[in-house]
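Structure first, then comments.
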Amino acid sequence: MNIFRLAGDMTHLASVLVLLLKIHTIKSCAGVSLKTQELYALVFATRYLDIFTDFISLYNTVMKLIFLGSSFSIVWYIRRHKIVRRSYDKDQDTFRHYFLVLPCLLLALVIHEKFTFREVMWAFSLYLEAVAILPQLVLLQRTRNIDNLTGQYVFLLGAYRALYILNWIYRYFTEPHFVHWITWIAGLVQTLLYADFFYYYFESWKNNVKLQLPA
Amino acid sequence: SSNKELKDEL
């Protein structure tokens with residue numbers, strides 16, 4: 001464990017807690033893409049298959065349970081909660097996320113570390129996580145008015161993966177043979193997808209104006 | 001470089 005990875009995990013934890021808190025307290029999911037939340041639930045479900053078979057550490061298990069629990073409960077809130085579901089903007093949240101799942105699955109069947117179910121699912125979860133934010137970014141551009149919490153959620157989600165890249169660089173230089181191209185490239189693509197959001201997020205923060213993404 | 005070492009990451 002290094003400071004970059006710990007900071008990355010804490011930032012990731014903060015992102016899901018910000019979202020859960022927003023939905024739970026104001027009982028609204030305005031501006032939140034259900035598609036992205038469903039993709040994230042799938043990412044965690046396929047990445048943490050080893051949660052009950054390989055015990056790594058208490059921290060690792062607890063964090064996995066939190067990420068699984070929060071992502072599935074956010075999906076439940078938006079789909080099932082009688083008040084929250086009313087604020088879900090299904091006419092705007094129209095990104096066909098199946099077009100993301102299938103290519104990631106095919107890519108995982110072709111590019112993986114070992115051709116086993118677990119390794120293919122691991123690669124699939126990495127590729128899917130890289131693109132899972134797309135429905136949310138598209139929704140933000142459509143809905144124009146980005147409320148602070150949703151903006152913070154997306155920012156923290158992007159920042160966590162950027163911190164993980166620093167973690168991989170640190171581990172590359174401190175651990176011999178630490179080379180994992182699949183993870184690195186997927187993580188880099190993921191962070192690059194946030195690049196323009198980061199730009200507009202900092203612009204709005206610097207000029208102290210409401211965050212607006214160009215259409 | 002086994003993937004094992006990456007499995008400790010979230």
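Convention: sequence-line order gives letters A, B, ...; per-chain numbering from 1. These figures come from a predicted structure and were not determined experimentally.
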Is it true that, when you exclude [X] itself, more than 12 heavy atoms of the residues, nucleotides or ligands shown sit nearer than 6.0 Å to its [atom1]?
X         : atom1 : value
Phe198(A) : CZ    : yes
Phe55(A)  : CZ    : yes
Trp76(A)  : CH2   : yes
Tyr199(A) : OH    : no

NZ-CG distance between Lys7(B) and Asp50(A), expressed to the nearest 0.5 angstrom: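 Spacing of NZ (Lys7(B)) from CG (Asp50(A)) equals 7.0 Å.
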
Charged N to carboxylate O under 4.0 angstrom, Glu9(B) versus Arg47(A)?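 Looking at Arg47(A) together with Glu9(B), the answer is no, because their closest N to O distance does not fall below 4.0 Å.
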
What part of Phe44(A) is in contact with chain B, defined as an atom under 4.5 angstrom from a non-hydrogen atom: side chain, backbone, both or neither?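 Phe44(A) has no heavy atom closer than 4.5 Å to chain B.
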
Considering only heavy atoms, which portion of Asn60(A) lies under 4.5 Å from any heavy atom of chain B: side chain, backbone, both, or neither?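 Both parts, backbone and side chain.
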
Please give me the minimum heavy-atom distance between Leu10(B) and Phe67(A), naming the atom from each residue.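 Leu10(B) and Phe67(A) have their closest heavy atoms at CD1-CE1, 3.8 Å.
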
